[in-house]
Amino acid sequence: MEAVKGVALLNCWASPYGLRCKVALAEKAVEYEYREENLMDKSALLLQANPVHKKVPVLIHDGRAVCESLLILHYIDEVWPTGAPLLPAEPYGRAQARFWADFADKKIFDAGIKMVRSDGEVAAEAREVLVEALKTLEGELGEKAYFGSEGFGFVDVVVAPIIVWCHAFEKYGGFTLEAEAPKLAAWGKRCVAERESVAKALPDGEKLVGFLGSLRKHLGLE
Ligand code: GS8
């Protein structure tokens, strides 16, 4: 594998999985080299660093690769103790945080991406799963400011990319987060206003919508 010094993140700017890694690295004030990947023409480094899935994000630390965004977040939390830990200290809280992270991946990001990449019945079914999941996630947030019981934490980092991805979800799903899950919408605004890590890591929502529009054209959906 190409020798990479220090810390590097292989990513595609629009990836919700990579965005959460950017937020976590910023929370921990880790300096790193950002390497943008072209997923249509993956670099030799990406193929060597993630030979199993060949996907971004990949974190490279002192020449060793860590794959899968949730595992990258765990790694970052364990290796860089700067700032508050992302995961709670006690086992039950950790288990709960992992549960909601898994829920976000399986229900929100999977359904949302499926909806954006399809049309007709498939898109309608994905939309239903997505909206239901957003409401369920809002139920978990409840009246708290953040998902973490002690403030912004693991689940907030995992879910943060929906703040921009929701622009696309709303456009292609014909709903608004504000109407379906107003507390979750307020949480998103709070994250951007109060966490520099989030404000700086996330791309412009309209740029993302444009990118996904081109993808849909490429897939023959528009
Ligand atoms: C998902 C990564 C992923 O889907 C994680 O890291 O959490 N479970 C993984 N990455 C996509 C880009 S974002 O949609 C990817 O790299 N796709 C390239 C490919 O499938 O060839």
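Since this is a predicted model, take the numbers as computed values, not measurements. Atoms within a ligand are numbered from 1 in the order they appear, just like the ligands themselves.
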Leu9 backbone acceptor or donor facing Arg35 side chain under 3.5 Å
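Checked: no pair found.
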
Quick check: does any side chain N or O of Glu37 sit under 3.5 Å from a backbone N or O of Leu10, one acting as donor and the other as acceptor?
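Such a contact is absent between Glu37 side chain and Leu10 backbone.
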
Whether His61 and Trp80 hold their rings parallel, tilted or perpendicular, with breakpoints at 30° and 60°
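His61 and Trp80: tilted rings.
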
What orientation do Trp187 and Phe147 show, parallel under 30°, tilted 30 to 60°, or perpendicular over 60°?
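Answer is perpendicular, since the angle exceeds 60°.
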
Close residues, ligand 1: non-hydrogen atom nearer than 4.0 Å:
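If the criterion is a heavy atom under 4.0 Å, then ligand 1 touches Ser15, Tyr17, Leu39, Lys42, Lys55, Val56, Pro57, Glu68, Ser69.
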
Would you kindly say whether Tyr146 and Glu194 are connected by a side-chain donor-acceptor distance under 3.5 Å?
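Yes.
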
Using atom types as modelled, flag every donor-acceptor pair under 3.5 Å from a side chain in residues 165-175 to any protein atom, sequence neighbours excluded.
| unit_1 | atom_1 | unit_2 | atom_2 | d |
| --- | --- | --- | --- | --- |
| Trp165 | NE1 | Ala14 | O | 3.0 |
| Glu170 | OE2 | Leu177 | N | 2.8 |

